[in-house]
Protein chains: 6
Amino acid sequence: MPYVNIKITNEGATKEQKRLLIEGVTNLLKDVLNKNPLTTVVVIDEVETDNWGIGGESITERRKRGE
Amino acid sequence: MPYVNIKITNEGATKEQKRLLIEGVTNLLKDVLNKNPLTTVVVIDEVETDNWGIGGESITERRKRGE
Amino acid sequence: MPYVNIKITNEGATKEQKRLLIEGVTNLLKDVLNKNPLTTVVVIDEVETDNWGIGGESITERRKRGE
Amino acid sequence: MPYVNIKITNEGATKEQKRLLIEGVTNLLKDVLNKNPLTTVVVIDEVETDNWGIGGESITERRKRGE
Amino acid sequence: MPYVNIKITNEGATKEQKRLLIEGVTNLLKDVLNKNPLTTVVVIDEVETDNWGIGGESITERRKRGE
Amino acid sequence: MPYVNIKITNEGATKEQKRLLIEGVTNLLKDVLNKNPLTTVVVIDEVETDNWGIGGESITERRKRGE
């Protein structure tokens with residue numbers, strides 16, 4: 001019954017990519033800890049680049065510099 | 001001063017239903033642990049069905065099958 | 001399939017009180033939003049009073065003043 | 001490598017104000033705990049006032065009363 | 001720069017198993033979304049079985065019944 | 001009424017340092033967004049170095065290499 005929260009910036013992850021994240025994390029927990037996939041919950045949060053900071057500045061600012 | 005975070009899928013919970021969740025959780029913490037309602041904080045997150053997985057697949061996929 | 005996280009200070013909640021929180025929140029989500037109790041997940045975090053702040057000071061400091 | 005999550009109500013924080021929060025929290029962790037700013041992550045969540053409760057009612061209701 | 005939080009019950013995951021979770025999630029985010037592993041953060045929370053509920057009861061109670 | 005969660009590795013932050021984090025974040029939210037300090041909540045989580053990963057490996061492994 002694990003619960004996994006994945007936070008990424010909101011920069012165009014597709015429905016298929018999100019499906020792959022859900023499937024991949026669920027399989028990982030089964031493979032490593034033998035957790036039952038039926039009760040593994042995965043929640044993906046897509047965060048605006050203005051609202052995500054690293055190194056003291058927002059991702060929006062970093063993207064402007066081409067990073 | 002408890003903090004409660006409720007995550008549900010974004011499938012049309014009304015303002016009134018969210019009010020009932022806030023009121024209900026606040027009362028529960030008062031009844032069970034005698035927590036002061038004035039400082040109990042409740043935050044509700046409504047998550048897109050593409051972004052919520054259980055059993056290795058998204059809620060969107062499950063809803064398509066009528067689950 | 002809701003996910004609920006309850007954070008309280010670590011001040012002696014009993015196993016029975018935690019059981020009542022789990023049961024109460026699960027029932028609330030069934031009553032208000034018709035959520036299936038079988039897949040409602042509740043996680044309780046008990047946080048040291050040194051690590052919880054409100055009003056700019058820790059709960060430890062407030063408890064010393066009898067609050 | 002600290003991770004900080006700031007939740008505020010969605011009531012018009014500007015890009016500049018969010019930049020100041022990211023910068024301020026990152027500096028605070030450097031000043032107090034000597035944490036490397038390059039790996040400090042800050043995520044800001046802006047929550048609808050219907051979805052934030054305190055004192056058993058939503059912020060929307062409180063705002064209506066002028067609080 | 002994704003941030004991933006994995007919550008599991010505190011039932012003896014080894015240092016090596018936790019290492020595999022960290023490595024596996026980091027690789028998954030690289031493979032699916034091309035996220036830079038150097039800035040992917042993973043935090044694992046191990047939660048007491050009294051503090052984790054599903055189906056309205058704690059994991060402690062379920063374990064007693066052999067589930 | 002902001003809610004702030006600070007996650008750091010469990011490597012000996014003192015009671016005084018945690019007090020300074022609580023005070024500093026609360027003041028920051030007042031200065032930047034004019035948030036009332038009386039209802040600003042700060043929760044600090046101290047995470048074991050085995051349970052925190054960055055760059056695909058745990059902090060425990062990095063500390064062994066002197067990082």
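Letters go in sequence order (proteins before strands), and every chain restarts at 1. Since this is a predicted model, take the numbers as computed values, not measurements. Computation of the quantities below employed the complete heavy-atom set of this structure, encompassing side-chain atoms and omitting hydrogens, waters and symmetry-equivalent molecules.
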Novice: Which heavy-atom pair separates E:S58 from E:T49 by the least distance, and what is that distance?
Specialist: CB-O, 3.7 Å

Novice: Carefully, step by step, assess E:V43 and E:V41 under the rule side-chain contact (heavy atoms from CB on, under 4.5 Å).
Specialist: CA-CA 7 Å; E:V43 171; E:V41 174; 4.3 Å; yes

Novice: Chain E heavy atoms under 4.5 Å from A:E11: which part of the residue, side chain, backbone, both or neither?
Specialist: side chain

Novice: Which atom pair, heavy atoms only, marks the closest approach of E:W52 to A:Y3?
Specialist: CH2-N, 3.8 Å

Novice: Would a distance-only check, ignoring hydrogens and angles, find a side-chain to backbone donor-acceptor pair under 3.5 Å from A:R62 to A:G66?
Specialist: no

Novice: For a quick test of reading the model, state the closest non-hydrogen atom pair linking E:K30 to E:P37 and the distance between them.
Specialist: CD-CG, 3.6 Å

Novice: Among A:I54, A:D45, A:L28, which residue forms the greatest number of heavy-atom pairs with chain E at distances under 4.5 Å?
Specialist: A:L28

Novice: Quick check on E:I59 against chain A: is it the side chain, the backbone, both or neither that has a heavy atom closer than 4.5 Å?
Specialist: side chain

Novice: Quick check on the interface: out of A:V47, A:L33, A:L20, who has the most heavy-atom pairs with chain E under 4.5 Å?
Specialist: A:L33

Novice: For E:K35, is it the side chain, the backbone, both or neither that has a heavy atom under 4.5 Å from a heavy atom of chain A?
Specialist: side chain

Novice: Between A:I6, A:T9, A:V25, A:L21, which residue shows the highest count of heavy-atom pairs closer than 4.5 Å to chain E?
Specialist: A:L21

Novice: Taking every non-hydrogen pair under 4.5 Å, which of A:T39, A:I8, A:D31 racks up the most with chain E?
Specialist: A:I8

Novice: For E:K7, is there an ion pair with E:E46 - N to carboxylate O distance below 4.0 angstrom?
Specialist: no

